[in-house]
Amino acid sequence: EEIVLPRRKTWDKLAVLQTLASTVNRDPTAAHYMFQDDPFLMPRNAANSRLYSLSKESGRNAAKYIIKNFPQYFDKTFAEPNIPYLMPESLTPQTEGVSEEALRERIHLRMVKESVDIFDQLLQAGTPVSLETTNSLLDLLCFYGDVKPTPEKEEEEKDSLEEPGENASEQKAPKRQLQRGSQSSGPRWRENNHAERIFKIMPERNAHSYCTMIRGMVKHGAYSKAYDMYIDLLNERHKADVHTFNALIRAVPYLKEKFIERWELAKDFLTHMAQQKVQPTLLTFNSVLKTLRRCGGVGRSMSLSVLKEMEALDIEPSLASYDHLLSVYYKGVDVQSSDIISEVLNEVEKRSFTAQDPDDDLSGLLQCCDLKDIKLAYQLNKALEQGDNWKFLDVDRLNGYWSKFFSLLCMMEQIEVVLKWYKEMSFSLFYPSPKNILGLLQALDAANQLEVIPSVWEDVKQLGFSRRQDLLEEFLSLMSRDQHPNEIQLAFAKCAEEIKAVHEAAGLGQVPLEWTGSALGHVVVLFSRAGRTQDAWNMMERFQQINRIPTDKVMDEFLNCAKQTNSPDEAIKMVKLAASLGLPSSQRLKSRMEEEFELSETQKKALQSIKWDGDSSDSDSDS
């Protein structure tokens, strides 16, 4: 009997990894995943986080540059098994001579100058070049702007979408040069460049030829030329593709001045798409919304209609769609702005987004949601934590968001909630700023939970803020203000000792911190309450060294400590110090010592021998 074995089930490796990842909860003590490789380089604060992340990316780019420009040093294959995908790509042309095959190879290797040279040599030799190869050359020239690609950053910057203020009765943008500004940080479109020259001498042109030229002109700021090229395409009875229409719609603000004219031109392109049976995509609608950002009141009246059209075509908006929509309303005066923000958050918090548009970003949403409403802040936080939405913010902006969110929690929430968020967020999701620490200290003070201060001080040391004078003053002020149980006072005294060490020992190149009278007094009080009489007296001596006057509270606390530890000699020294400074309380302190301390005859004589400023003045007047 034949035995039929069941077929082996194949698994998608990525699906398995995703399933495993979904079973792991985020570790609140772990830093960002990009810093996991080397614990020694774990950032301590936001500045370190930015420096380390940029350094790591710079190192990666440097490695790519070396491999790309010096491939001859990486031709040895030691890996077993050899994985070609992980080996550097060969950038040396293998085809010699002047031929169409050599031209195609150099186009594939993105060698702009070499490709143009071989094309010209083929024309001079009378060798025809196929339409497909010529179009590929146009693609290369239009993408790189007719210049050699560089290893520098090729990422396109968002063009400035700041719309100047407008009068309600005037739907016209201020006069400006329409060709101003480019959507790319790369080179501008030169007159009669290689792309234009090759396009003009082509014996045959198809729709691809025209579309490539249009997209290249828009990419590099030649908007009027792109529109003229589109008219030529229509006259030749060709049809544009969806990418070309997207580029033309993005160019609309640079082609027309009046807001209503911009919208009419965008509608004309959409009408042409319908006539040519070109199906719009998500990028098409995002281009329309991006144009409406620069259409003033017209944009606010038409943007919601664009979203409804997307819904009718079963096209889900991306983050860029919501970003453009919020920008249309957020900078206007429409009373629906707050409602729009709430509705957008309701939609965003339900979905885990993937990148579909170069403008997909959450920074616009953060900018619109001014974090002053705790309910709105929680809603925004829910949207960020949905799936991988947090990945649409870079490290700097993510840390800035968490910093604002935590500041709002300190002002609005109960201390238990604040501490829960602080434990889960700090050093993993964000690095608290000095302002965040001050807000936390104020929240602890309001909730009367100052016993948490020592743990916060440990975090301050890790963050590198232990030399911030404002933070040190706040810590000392809160710890010394009220009397606490002995265990807490001992912890406070330990913090005071570390703050004292910060003032005394300066690192290489650091300027020592200057003592203030209030800081000295706070440290004396904390040492006194912990029973550390000698340490407290050492700090008392500094008042005279820096020409500061201790307060009555400081001297009373020190006297209490001396009494508790049976240290009359230090108490007498303190009375002498008060007398030398001419303090009015020196007589009162002497009386306290005589009443509350058991003094020996020697100590009594020492106390009586103290000269008072008042006594010396009386003796002078008697004489």
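Positions are given from 1, in the same order as the sequence printed here.
Using a cutoff of 4.0 Å between basic side-chain nitrogens and carboxylate oxygens, Glu311 and Lys308 are not scored as salt-bridged. By the 4.0 Å N-to-carboxylate-O rule, Lys256 lies too far from Glu264 to be salt-bridged with it. Ion pair Arg60/Glu57 flagged as a salt bridge, since at least one NZ, NE, NH1 or NH2 atom sits closer than 4.0 Å to an Asp/Glu carboxylate oxygen. In summary, Lys420 and Glu424 engage in a salt bridge, as defined by a charged side-chain N under 4.0 Å from a carboxylate O.
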Assess the residue pair Ser209 and Asn135 against the criterion (side-chain hydrogen bond (donor to acceptor under 3.5 Å, both in side chains)); give the C-alpha distance rounded to whole Å, side-chain angles, the decisive distance to 0.1 Å, and a yes or no.
CA-CA 6 Å; Ser209 310; Asn135 282 339; 2.6 Å; yes
For the pair His208 and Asp139, evaluate side-chain hydrogen bond (donor to acceptor under 3.5 Å, both in side chains) and give the outcome as yes or no after the intermediate values.
CA-CA 9 Å; His208 184 100; Asp139 291 339; 3.1 Å; yes
Before giving the answer on side chain to side chain contact (heavy atoms under 4.5 Å, CB included), spell out for Trp263 and Met302 the whole-Å C-alpha distance, their side-chain angles and the decisive distance to 0.1 Å.
CA-CA 9 Å; Trp263 172 239; Met302 301 306 303; 3.5 Å; yes
Assess the residue pair Arg190 and Glu196 against the criterion (salt bridge (charged side-chain N to carboxylate O under 4.0 Å, His left out)); give the C-alpha distance rounded to whole Å, side-chain angles, the decisive distance to 0.1 Å, and a yes or no.
CA-CA 9 Å; Arg190 294 188 298 107; Glu196 288 189 9; over 6 Å; no
Worked verdict on Val344 versus Val348 for side chain to side chain contact (heavy atoms under 4.5 Å, CB included):
CA-CA 6 Å; Val344 167; Val348 173; 3.9 Å; yes
Kindly indicate, with the supporting measurements, whether the criterion salt bridge (charged side-chain N to carboxylate O under 4.0 Å, His left out) is fulfilled by Asp228 and Lys225.
CA-CA 5 Å; Asp228 294 338; Lys225 283 193 171 187; over 6 Å; no
Asp361/Leu393 under side chain to side chain contact (heavy atoms under 4.5 Å, CB included): CA gap, chis, key distance, verdict:
CA-CA 7 Å; Asp361 194 6; Leu393 286 176; 4.2 Å; yes
Walk me through it: do Val306 and Leu325 pass the test side chain to side chain contact (heavy atoms under 4.5 Å, CB included)?
CA-CA 10 Å; Val306 175; Leu325 179 66; over 6 Å; no
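Taking the side chain as every heavy atom from C-beta outward, Asn192 and Arg197 never approach each other to under 4.5 Å. For the pair Leu463/Arg44, no side-chain contact is recorded, criterion being any heavy-atom separation below 4.5 Å from C-beta on. Tyr223 has its side chain out of reach of Met217: every pair of non-hydrogen atoms, C-beta onward, lies at least 4.5 Å apart. Asp357 places none of its side-chain heavy atoms less than 4.5 Å from the side chain of Leu319.
When every heavy atom of Met310 is checked against every heavy atom of Pro317, the shortest pair comes out as CE-CA, 3.7 Å. Annotation for Asp360 and Ala320: closest pair OD1-N, 2.8 Å, computed over non-hydrogen atoms. Between Ile315 and Phe285, the closest heavy-atom pair is CD1-CE1, 3.6 Å. Closest of all the heavy-atom pairs between Pro432 and Tyr422 is CG-CE1, 4.1 Å. For the residue pair Leu313 and Gln279, the shortest heavy atom distance occurs at CD2-NE2, 4.4 Å. Considering every non-hydrogen atom in both Pro280 and Val242, the closest pair reads CA-CG2, 4.4 Å.
Judged as a salt bridge (Lys or Arg N to Asp or Glu O under 4.0 Å), and not counting sequence neighbours, Lys239 has no contacts. Every residue was checked against the ring-ring contact (aromatic ring centres under 6.0 Å, His included) condition with Phe465, not counting sequence neighbours, and none meets it. When the side chain to side chain donor-acceptor pair (under 3.5 Å) test is applied to Asn246, the partners found at least two apart in sequence or on another chain are Thr284. With sequence neighbours left out, Asn346 forms a side chain to side chain donor-acceptor pair (under 3.5 Å) with Gln379. Under the side chain to side chain donor-acceptor pair (under 3.5 Å) criterion, Ser403 pairs with Asn436, not counting sequence neighbours. For Trp189, there are no ring-ring contact (aromatic ring centres under 6.0 Å, His included) partners at least two apart in sequence or on another chain.
With rounding to the nearest 0.5 Å, the separation of CE in Met229 from OG1 in Thr212 is 10.5 Å. For the atom pair CD1 of Ile249 and CZ of Arg262, the computed distance is 15.0 Å after rounding to the nearest 0.5 Å. Rounding to the nearest 0.5 Å gives a distance of 8.5 Å between CZ of Phe405 and CG of Leu380. Within the model, atoms CG of Leu248 and CG of Leu265 stand 8.5 Å from one another, a figure rounded to the nearest 0.5 Å. The CZ atom of Arg250 lies 13.5 Å from the CZ atom of Phe245; values are rounded to the nearest 0.5 Å. The CD atom of Glu105 sits 10.0 Å away from the OG atom of Ser115 when rounded to the nearest 0.5 Å.
Enclosure of atom CZ in Arg351 by more than 12 non-hydrogen atoms of other residues, nucleotides or ligands within 6.0 angstrom is indicated. Within 6.0 Å of atom CD in Glu132, 12 or fewer heavy atoms from other residues, nucleotides or ligands are found, so the atom counts as exposed in its surroundings.
Remark: the backbone N or O of Ala240 is paired with a side-chain donor or acceptor of Gln276 at under 3.5 angstrom. In this structure, the side chain of Asn235 engages the main chain of Ile231 through a donor-acceptor pair within 3.5 Å. Without hydrogens or angle criteria, Ser352 side chain to Asp388 main chain gives a donor-acceptor distance under 3.5 Å. Although no hydrogens or angles enter the test, the distance criterion places no donor-acceptor pair under 3.5 Å between the side chain of Asn399 and the main chain of Asp396. Asn69 places no side-chain N or O within donor-acceptor distance of the main-chain N or O of Lys64, the cut-off being under 3.5 Å.
A distance of 6.0 Å or more separates the ring centres of Phe353 and Phe392. Taking the centre of each ring, Tyr210 and Phe199 come in below the 6.0 Å mark. Aromatic ring centroids of Phe269 and Tyr230 lie under 6.0 Å apart.
At a cut-off of 3.5 Å, with distance as the only test, no side-chain donor of Thr271 or Asp268 sits close to an acceptor on the other residue. No hydrogens or angles considered: nothing links the side chains of His238 and Asp232 as a donor-acceptor pair under 3.5 Å. Side chains of Thr244 and Arg215: no donor on one and acceptor on the other come within 3.5 Å. Side-chain polar atoms of Ser318 and Asn286 form a donor-acceptor pair below 3.5 angstrom. Between the side chains of Arg300 and Tyr329, no donor N or O sits under 3.5 Å from an acceptor N or O. For the residue pair Arg293 / His324, a side-chain donor-acceptor distance below 3.5 Å is found, with atom types taken as modelled.
Using bins of under 30°, 30° to 60° and over 60° for the plane-to-plane angle, the ring pair Trp421/Tyr378 lands in the tilted bin.
In this structure, Arg294 satisfies the cation-pi test against Tyr254, with its NZ or CZ atom closer than 6.0 Å to the six-membered ring centre and inside 45 degrees of the ring normal.
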